[in-house]
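Here's the structure we're looking at; comments come further down.
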Amino acid sequence: MNNQDYFQLLQDGLDDAMAIAKMARRRGRDPTTDVEIPLAVDLAERVEKLIGIQGIAERIRHHEAEGLSREEAALAIGIDFAEGRLGAGASKIESVESAIRTSVALLTEGVVAAPMEGIARVDLGKNDDGTEYLKVYYAGPIRSAGGTAQALSVLVADYVRRSVGIAPWKPRPEEVERYVEEIGLYKRVAGLQYSPSDDEIRTIVRNCPICIDGEPTEEEEVSGYRDLDRIETNRVRGGIALVSAEGIALKRPKLKKHVSKLGISGWEWLDSLASGKKDGGDSTPKFLRDLIAGRPVFSHPSRPGGFRLRYGRARNTGLAAAGINPASMLLLGEFMAAGTQIKVEQPGKAAAVAPVSSIEGPTVRLLNGDVVRFDSDQDILEWMPISCKDPKTIQIALKAHVSRILDLGEILISYGEFLENNRPLAPASYAFEWWAAELLKAGGDPSGKESMDGEEAIALSREYSVPLHPAHTHLWHDLSIEDYDLLREVAASKGILESGRLILPLEAKESLETLLVLHKVRDGRIIIEDPLPFLLCLGIDWEGGSLKRRAEEAGGEPGGVDQAEDSILARVNRFTGIVVRARAPTRIGARMGRPEKSDKRLMRPPPHVLFPAGEEGGKGRSIQEAAKHSTNSSSGIINVQIERRVCKSCGKEGFAFNCECGSHTEKKRVCPKCNIPAPEKCPKCGQETNAVADMQIDVKKLYFQALESLGEREPESLKGVLGLFSRDKTPEPLEKGILRAKHGINIFKDGTVRYDLTDLPLTHFRPDEIGTSPEVLQSLGYGVDMHGDPLTRPDQVCELRIQDIVLSRDAGEYLLKVSWFVDELLAKFYHLEPFYNAQTPQDLIGKLMVGLAPHTSAGVLCRLIGYSPASAGFGHPFFHAAKRRNCDGDEDCVMLLMDALINFSMSYLPAKRGGKMDACLVMTTILNPAEVDKEAHNLDLTPVYPLEFYEATLTNTSPKDLEGRFDLVSKRLGTDQQYEGFNFSHATTDIAAGPKNSAYKTLETMIDKMDAQLELARMIRAVDEQDVAERVINSHFLPDLIGNLHAFSKQKVRCVKCGAKYRRPPLKETCPKCGGRMILTVHEGSVRKYLEVSIKVAEEYGVSSYTKQRLQLLKMEIDSLFKNEKARQTGLADFM
Amino acid sequence: MLQISPKSAKSVPAQGRETVQRFAEQGYQLEPEALEAICRYQGSQEELFRRIIGSIDRSLAVIGMQHINGLIQSSPKNGIGHAASTTPIQRRSTHILPASSRTPSRPSFPSASRTPPSSIEPSASEITLDSAPSDPHTQGSAQLSCDITGRSTCVGEYDDFVCYFRDRYAKIREILSRRINSRPIESLSKSTSGREVSLIGMVLDIRNTSKGNRVIELEDPTGMIVAVIQKDGEAYEESGQIIPDEVIGVTGISDGNGRIFVKSLLWPDMPNQTASLEKGSGHAILISDLHVGSKYFMDEAWQRFSDWLNGEADDPSGLASQVEYLVIAGDLVDGIGIYPGQQNDLAIMDIYSQYEAAAGLLNAIRSDIKIIISPGNHDIVRQAEPQPALPPEVQKYFRPDMLFVGNPAWVTLSGISVLIYHGRSIDDLVLRLPGIAYANPEKAMIEMLRRRHLSPIYGSRVSIAPENEDHYVISHPPAILHCGHVHTVGIARYKGVAAINSGTWQSQTDFQKKMNIQPVCAVAPMVDLATLKVRKLIFA
C-alpha cells in the first residue's frame, strides 16, 4: 500500500464515521444538529477554522507559495490585516486583535489554544500627551504558544499599530517599576525559564511600543507599585511576565532578525538586552532541583558510575525519548519503566525512558565480591541463584545479592537531540559502532566482531592500527595516576597468570571496580578472565607466564616531573603502543521525573453526564439522589441554572433539545441586564448575552423517562455535576449518562470520554510486540517489512505509518467499554446501527481515533494497530509532533472517533479562561510532516553514524556543523521520502521490556517510596546519598511541612453536611447555611505527616546542621500548636 | 487606672473564672462571696492568691469568706507598695546568680509570676499611677502584664477556632455596646421589617455587586445577615474601610428577611482623648528588627548606638544617661529557614550562635538599662501568633535581668503601659486598605487602634494559633503601641496613644530592593515617658 492509499483509507474511514455521526446529530437530541468538530486538511485551514475569519487560509497558502517561512508568513498576515486584505470592515482594534491572534495561531501550527485563550483582548489606552496607545491583554494560556510566538505577537501588534495610526505607549516611571516588581514576583511564585535583569525589564517596558498588559493570573499581589491608574489590578499578571521575559528577552536574537529583515524602526533597543541565554551556568545542575521524595536520583552530574553517553537512535527513541538497557531499568529498583520521565543533565531537560536492548547494561558488585555486568534481564535471572518469575522477588533477590551498583550502563541519545537542543556534542563513549567505523576505514571488516577475545583484539589493533576493541577498553580515565601506579605495581609483583586467567590479591579490588574490569572473587583472590588487554594497558608483559613491568614505549619512566600533567589515558597509550580510547568520557546525570501514565481521564469528582444534580444530588452529585430528593410538596424537583431553549415550531420554552412536538429547539439568549434577546451581544448595552435561566426541573421524571426510552434498568450510580460551567449552562441528555454509567466510563468536560497515555515515539515495530498478527496487519496496509520483504512472520520489523498508534492493553480494555457505550447510544438513543460491534479489544484494531494534547485545541486523526504491555501510547514522531508534543514524559489522550464526533459540543465547554483548551475545536485529518512541530524535523534516520561525527564529539563541536552528514527528516520534507525509508542505528528486541510500571507507582506509601529511593542512593556509586537526603528534605518535606503549617493557621472550614466552605470558622458553631457540623480542612495529621520521617532521615544520612535545626524548629512549632500548655480543667464549666 | 475601674467591675465574671480555675488547680473551691471579694481586691491578685494558698488548711475543700477575711483586710496599701517594689528585677535578683557566673540552667521566670490572674484585662493593679512617677525607686521597673508565654491552650481542633473568634467578638462587642444599642442577629425576624435596628457583627465577607453597591456578610454567634451599603448612601465611602474579620457596629433598616440597608457604621475606636491617661518617668528607646546573623546586620551603626547608650560617645544633650528602658519588638536575629534561600543571606548559619551574638551585643549595654525583648517572625519561637517569649535555652545567653515577653505583650514601664506587637499584620493592612503603605507604618497602626485589634484579617499573611482568648484585642488604650516588622520608622499620636514603628538595623537586602521596600535603618525612636514625646535618634 502506498502513502496515497493509506491516507485514502483514513479519509474513507473518517467519511463513513462522519456520515453516521451527522445522521445521529440530525436526530436533534444534541445542542446542535450537526457534528461540531470541523475538519482541516492543512495548517492554513486549521488556522482559519480556529480564528473563524474567512480568507485566512487563502492568504496563508499565498504566503507559503511565495516561499515565506512560517515566521515571515505570520508577520505578513499581520500586514494583510493592517492593510485591509483580511477582516475588511473591522474597527482598528478588531483588526489588531485578529492580526495578533492569527499570527500566533500560524506560529503554533494552529494547534495550541494560545491564540484564542492566551490573548484575552486588545484595547486602547491614553498616553499622558493625549495620544492613544495599544494594550494587548495576555492571559495565562499564552504560555502554550512558546517564546518565539509570544515575542513575534508583539512585533505584529506594533506593525499593525503603525499602519492603523496608533501612537506608541509611553509608560510612566512607576509603571516601569511595577513591571520590574511584578516579573520578579511572578518568577518566585510561578517560575520563569529565563529571567531578565531588572535593567533589562526596564529597557523592555520603556521602549516597547505596545503596552504588554494582562489579566491577573496569580493570587499574589504586588506590594510596592500598587493602585496605578492605568493598570487595573494589583494582582500578578502572568502573561506580561511570560511575554516580556520568555518572549522578548529570551528570543531577542530571533526578534532582532525579523526586525531588521522587515526594516521596522523603533526596536533598536533590543541590542542593549543581554544575549538572551537561558538561565543557568550556575554550578548546581538544574535537573537535581526540586527533588521529590520517592523519585530517586540515578546519578549525580557527570559522576563516574553514571549513565554513559552512547550516540544513536533506536526505533523507539528520538524526539526526547532516551534508550536505557532493560537490565538497568530492572536493577535500579524498577523505578524506570517504558515511558517514565527522567530529568537529565543533557542534552535536554527531560527524557522518556525507552528500553533498548542493544546497549550495555549496568555493572554491579555482588555480595560475594564478584563484579558482573548485566546486559539483559535474562542476565540478571541467570546470576540470581533463586529463580524469580515474580517481579517482586527479583527485587528481593537483587537486594540479597547486589552490594553496590558500580555503573548504570549506557544511555542512548541520538544526534538529533543535540541538534534540537543546540547543545555542543559531548565526547562519545568508545562503543562498537565507532570502532567498527575505524576498522572499516582502515580496511578491515567489522561484521560479526561485536565481541572477541583479548588476544584477537590486540592483534587486530596492531594489524590495522585501530584502537583497542571497546569490549576490552576499560575506564582508565576514572582512575587516578597514583592508583594506576599502585595497581601496576600490585599486578606486576603479586599477580599470577594461570591458564589464561589473571589472579590478583584483594588490594587491587577498588581500582578494578573503578575500571569496570569484570572479575570473580574466590578464596580471597581476584580472578580476571581474558586479562591480556588489561595487562597490556597496565604496561605489563606476560611472556612465559611471568609478569614484568615494561618500559614505556615513548617518554621516560613514570615518576618524572611532568607526570602531574600527564593524563592517565596518554600514559596507557604510551605503554600499549596502540590507541586506547576513553570508554566513558561523558556521564549523564539523571533522576526520575514523573512516572509513566496509562489511565482513564477523570474529572474530580468524576461524572457520567454533564447534567446538574444541584445541592440535592449531595456530595456525590448523584442524579438518583436528586431524583429521590423530596420536600413537603414535591419530590424529585430541583432548582438549577440551566439553558433556556425555545422550540422553533411551537414556541414552547424549556431546556430539552427536542421539543415534545418533535422539532429541534434553539438557545434563547438574552442580555442579563436589559433582558433584550440577542444571539451574541446586547444591542443596547453591548454585554454578552446568555441563555442561562433558573428553572425548576423534575429530575425524577426525566430520569425514569430516560431509562424507559432506552429500555435500561437503573445503573448502580449515575453521577452528574453540581452545576454547569458553560456559558449557557447547556446540559447533556440524561440518556448518555445512563449508558456511560452502565459501561463504567466517565466523561470529560467537553462531552467525550478520554484515555491518557504517556507519549513514546515509534518508527518501526514488530507484529509480535504489538500483539497483532501479520495477517491482520496486511489487511491494514502493512504488506512488507522495513526491508521490503513480504510480511509473514511476527518478528519482522515494519515501518510504522505516520498516523498509526499502539496503545497500552489497559487502554484497549477501556476503549472497548467506550465502544459498547457508543454502539448502544447509536442503537437505543439515535436509533441507528451500532458502529463498532467489538467483542474484544482486538476488534478495535484498525479503528480510527483522535489524539489530543493538553493545552491544545486541535485533535489529530489516528488509527489503532495494536496493543503493548507497556503503560504508554506509542505513535510516530510526526503524530506526536502534530499534537505539539515531544516525548520527554508528556502525556496526552485518545478518544474514539465516533464518540468525539457525536458527543462533543462547544456548548458544554466551560466559560472560564482556558475552557477551550484541551477540547477538539478542529481536527487534522491528513498529517503533513512539514506542518508539525519542528522538533520532529530534527529526527535523525541514519543507520550508521559517520566516523567524522565521533571524532567531532571529542572537540565539543556544534551539532549544526555536522548536519550535512546526517539523514534528517528536515531534508526529506516535501518528498515521498518523508513518509518512509526511515532507519535507526540501534536495534531493540522489545519496546515494552523492563518493568511494566515504575516502582513509584507500585510502591504504596510515600515512606516506602522514599525508603526505596534512599536505599538506591546508597547502592549507586554515582549517587551521594547525603545530598539526596538533604535535597528530599529541603525541596519536598520542609516546604510541605511549612506549607501545611501555614495552611493550618489560615485554613478554611467546611460543613460535613452540605459541603459549604467558609474562609474562616463562623461564630455560630454550626453551618450558617444548613446547620450541619463544621470541620477543619487542615488537620494535625496532615501537618505532622512528614515530621518524624524527616527527622529520622536527617539523622540517618547526616544532613547539614542548618537543615537539622530547621526541622527542630518546625517540631517545636508543631508541638506548640497542638499541645495544650495549660492542662484543661474538666467539669469546670459545670461548677461555674 | 481611672478609666479602667468602671469596667473592671463588669469584667468580674471573666476574671472570676480565671480565679476559680486557679484555685481549682490547687484543689479548692470558692464560695461565691469569697470569689467576689477576691475579684474586688485592689492589690496584686498574684500576691493575694499566694497568700491565701499559703495560709489555708490543706484539708479544706471550699474556701469561704471566713478563711480569707484576714488576708484581704491586710492593708491594700501595703499590698500595692509591696507589689510596686517587687518588680521583676528586684524579685529576681534575690534568686538569681550574679551575672558574672551565668549558668546555662538558669531557671526560666516562673510563669505564675509573669502572668496576672485576670484574663485579658492587664488591670495594672500591681502598680498605681500616683505612686509610680513620684517614687524614685520605681526607676527601671518594667513589668509584664499579659502575654501568651506558657499559657497556650491551642490543640488544633475546630472548637479552638470558634473560641478564638468568639472571644474576639465578645471583647470588641463589649467596647461597642457602650455606644450602640444592638440586638442579636437572629432576632431580626419579619417583625422588624422596615424598622431601624442596630447590630454588632463580625465581617465574614465583603463584595461589590454588579450594580455598584457594597454587600457585607455580618455574623454574630446567633446568625448571619447581609448588610447592603448603597453606592449613593452616606455610609458608602466609609465602608471602603471595612476589612474582613473585624467587629463593627451597623445601624440601618431591616427588611425582615436577612438583610439590612445600612445608614451608618461604627468602629470601636479609642476613647476621645488627646493626652495620655498615664504618666511615667524616664525615657525608653524602642527598637526592633535587628536581624543579627544576617549579612546585612549593621554592625557599625549598632556599635555607635551601643557606645552612645553606654556614655562612651559624645552626647552633648545628655540624652543617653536618661535612657532607662530598651524595648525590642521582635526579629532580634535573622533566624533560619524563614524564607527560601535564606542561607545565602546569612552571616551566621546556626540559630543559637545568632542568639549568642545578639546576646553579646545586648549584654554590653550598661546594666541599669532595662531591656525588654519580644519575638518576631524571624525568632526561634512558633510563627503562629500569639508567640511566646524566647525559650529558656536562648534566654540563657542573655544577662539575667532582661525581660523576655511574648508577642503581643502588655508591658508596664514605670507606670506607662506599652503594647508591644511585632507587626506582621501590617502586611495585611497594606494590601487591604487604600492609602496605607510600607513607607508610613504608623497609619496601619492607627487602623489597629481604630479597630481595637492588632491583626483583624484572618487567613492572609498572619498565621494564627487559635487560642481560647484573642490576644490581639486592644481591650483598653495603651499609652504606647510599639511595632516593627516593616523596617520603616513611623511615629504618630492617635487619641492619646503614641504609635511608634521602630525601623530596623538591617540594611536594604536584595530582596527588599526588588520589592521596592526602602528600609529606614539604624534610627532609634526615644520616648519621654512623662510626656510621650518622641525623638528620632539616628545612628546610620
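Here is the naming used below: chain letters follow the sequence lines, and residue numbers restart at 1 for every chain.
Looking at A/L1121, both its backbone and its side chain come within 4.5 Å of chain B, counting heavy atoms on both sides. Residue contact with chain A, scored on non-hydrogen atoms closer than 4.5 Å, involves the backbone and the side chain of B/Y458 alike. Looking at B/Q342, the atoms closer than 4.5 Å to chain A (heavy atoms on both sides) sit in the backbone and in the side chain alike. The part of B/M224 that comes within reach of chain A is its side chain, from C-beta onward, which places non-hydrogen atoms under 4.5 angstrom from that chain. With a threshold of 4.5 angstrom between heavy atoms, B/F165 approaches chain A through its backbone and through its side chain. Both the backbone and the side chain of A/F1048 come within contact range of chain B, each with at least one heavy atom under 4.5 Å from a heavy atom of that chain. Heavy atoms closer than 4.5 Å to chain A are found in both the backbone and the side chain of B/P244. Looking at A/E177, neither its backbone nor its side chain comes within 4.5 Å of chain B, counting heavy atoms on both sides.
With respect to chain A, the highest number of heavy-atom pairs below 4.5 Å among B/V430, B/V462, B/L431 belongs to B/L431. Comparing B/P221, B/A437, B/P434, B/P340 by how many heavy-atom pairs each has under 4.5 Å with chain A, the most go to B/P221. Per-residue counts of heavy-atom pairs under 4.5 Å with chain A were compared for B/G335, B/G156, B/P391; the largest is that of B/G156. Among A/M1116, A/K1052, A/E1084, the residue with the largest count of heavy-atom pairs under 4.5 Å with chain B is A/M1116.
The aromatic rings of B/Y472 and B/H453 are tilted relative to each other, their planes meeting at an angle between 30° and 60°. Under the 30°/60° scheme for interplanar angles, the aromatic rings of B/F511 and B/Y339 are found to lie parallel.
Using a cut-off of 4.0 Å between Lys/Arg side-chain N and Asp/Glu carboxylate O, B/R168 and B/D245 are scored as not salt-bridged. Between A/D227 and A/R178, none of the side-chain N atoms (NZ, or NE/NH1/NH2) sits under 4.0 Å from a carboxylate O, so this pair counts as no salt bridge. Classification of A/R1064 and B/E219 as a salt-bridged pair holds, one side-chain N sitting under 4.0 Å from a carboxylate O. In this structure, A/E175 pairs ionically with A/R230, as a charged nitrogen and a carboxylate oxygen lie closer than 4.0 Å.
A/A245 approaches A/L192 most closely through the heavy-atom pair CB-CD1, 3.9 Å. B/E467 and B/R151 make their closest contact through OE1-O, 4.3 Å (heavy atoms, listed as atom of the first residue, atom of the second, distance).
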